[in-house]
Amino acid sequence: YSSPLRLLAYEVYKKMVARYGDDKVGFITGEESINPDAPLLATTVEMAPEEGESILIDEAHWLTDPDRGHVWTLLIVGARYNQLYIATAREAVPLIKELVTDAYVVEEQAFERKTPIVYAGQMHLRNVPPK
């Protein structure tokens, strides 16, 4: 699993540890490493291995980011995995499809958001409620 944020990767790491045990799961970011040789990894996208059996690249719409987008692009087109799963915003699907035109099989699944996004209006940073 690779994500744009250390905190998101850590959240997935903890869930995988609960399910598979801490000896089977590793965590790698640019700042820290826990059990990096484990068969299952949760990483930031910059630290994702270049090859393996399968990978889930989360938040792949970041590939359009001028500062970090190249990392997603390199992982999507250059990494060597038997199975590549990409989670992204719908708006990025056409661009990602162009990047994977040489894939053997491309399947697309759309999922509905389980919670609505509601605009709370403009607020000062000090007034942002918890969570």
Side-chain angles (χ1 to χ4, degrees):
Y1 172 82
S2 66
S3 84
L5 304 171
R6 179 215 173 271
L7 193 57
L8 184 54
Y10 190 72
E11 181 181 326
V12 170
Y13 163 74
K14 294 303 279 182
K15 288 179 181 179
M16 291 193 317
V17 165
R19 184 168 185 175
Y20 302 108
D22 59 2
D23 60 322
K24 300 245 188 307
V25 182
F27 175 70
I28 306 171
T29 72
E31 299 169 355
E32 67 184 300
S33 178
I34 302 169
N35 198 12
D37 297 321
L40 300 171
L41 296 173
T43 72
T44 51
V45 73
E46 287 88 351
M47 302 304 292
E50 293 181 8
E51 62 183 49
E53 180 59 35
S54 64
I55 186 170
L56 167 59
I57 303 171
D58 202 357
E59 307 281 346
H61 46 274
W62 277 61
L63 66 91
T64 62
D65 181 79
D67 296 321
R68 294 178 65 201
H70 66 283
V71 180
W72 275 262
T73 304
L74 290 172
L75 194 54
I76 290 169
V77 299
R80 294 172 304 281
Y81 284 90
N82 292 329
Q83 295 179 0
L84 176 68
Y85 299 92
I86 301 172
T88 190
R90 283 191 174 126
E91 296 79 10
V93 170
L95 177 58
I96 292 170
K97 281 184 174 180
E98 287 185 40
L99 293 175
V100 297
T101 56
D102 64 340
Y104 292 114
V105 177
V106 175
E107 295 179 24
E108 181 180 341
Q109 276 187 302
F111 297 92
E112 294 300 317
R113 176 176 283 283
K114 293 182 180 176
T115 56
I117 296 177
V118 179
Y119 177 61
Q122 187 173 357
M123 66 177 66
H124 192 276
L125 188 58
R126 282 184 244 128
N127 298 331
V128 174
K131 295 195 175 190

* Check: H61 side chain, T88 main-chain N or O, donor-acceptor pair, under 3.5 Å -> no
* Determine yes or no for a side-chain-to-main-chain donor-acceptor pair under 3.5 angstrom, with D58 supplying the side chain and P4 the backbone. => no
* Asked: Between Q83 and Y85, is any side-chain donor less than 3.5 angstrom from a side-chain acceptor?
  -> yes
* Asked: Is L99 reachable from W62 through a run of I, L, V, M, F, W or Y residues, each pair having side-chain heavy atoms under 4.5 Å apart?
  -> yes
* **Close side-chain approach of I55 and L75, heavy atoms under 4.5 Å** => yes
* Note, M16 side chain near K24 side chain (heavy atom, < 4.5 Å) -> no
* Asked: Is there a chain of hydrophobic side chains (I, L, V, M, F, W, Y, each step under 4.5 Å between heavy atoms) that links L63 to V93?
  -> no
* To do: Rounded to the nearest 0.5 Å, what's the gap from CE on M47 to CG on L41? Could you check?
  => 10.5 Å
* Asked: For F111, is the NZ or CZ atom of R113 found under 6.0 angstrom from the centre of its six-membered ring and inside 45 degrees of the ring axis?
  -> no
* With distance as the sole test, does R68 use its side chain to make a donor-acceptor pair with the main-chain N or O of V45 at under 3.5 Å? -> no
* Asked: Do you reckon I28 sits in the same ILVMFWY cluster as Y13, going by side-chain contacts under 4.5 Å, direct or chained?
  -> no
* Of the non-hydrogen atoms in D67 and D65, which two are nearest, and what is the gap between them? -> N-OD2, 3.0 Å
* To do: Check V128 against M123 and note the closest heavy-atom contact, atom names and distance.
  => CA-SD, 3.7 Å
* To do: May I ask you to decide if L5's main-chain N or O and S3's side chain share a donor-acceptor pair within less than 3.5 Å?
  => yes
* Asked: Any idea how F27 and Y10 line up, ring-wise: parallel (<30°), tilted (30 to 60°), or perpendicular (>60°)?
  -> perpendicular
* Asked: Would a distance-only check, ignoring hydrogens and angles, find a side-chain to backbone donor-acceptor pair under 3.5 Å from S33 to T29?
  -> no
* Structure fact -> So CG of L56 and OH of Y81: to nearest 0.5 Å the spacing works out to 11.0 Å
* Asked: Roughly how far, to the nearest 0.5 Å, is CD of E108 from CZ of R90?
  -> 9.0 Å
* Asked: Going from CD1 on I57 to CD1 on I76, what distance comes out if it is rounded to the nearest 0.5 angstrom?
  -> 5.0 Å
* Applying the 4.5 Å side-chain criterion to the ILVMFWY set and letting contacts propagate, would V17 and Y1 be lumped into a single cluster? -> yes
* **Main-chain N/O of D23 paired to Y20 side chain as donor or acceptor, under 3.5 Å** => no
* Asked: How long is the span from the CG atom in N82 to the CG atom in L84, to the nearest 0.5 Å?
  -> 11.0 Å
* Asked: Is E107 salt-bridged to K97, going by a charged N under 4.0 Å from an acidic O?
  -> no
* Nearest non-hydrogen partners of A38 and G26, listed with the distance -> CB-N, 3.4 Å
* To do: To the nearest 0.5 angstrom, please state how far the NZ atom of K14 sits from the CG atom of D22.
  => 8.5 Å
* **Flag if over 12 foreign heavy atoms under 6.0 Å of CZ, R80** => yes
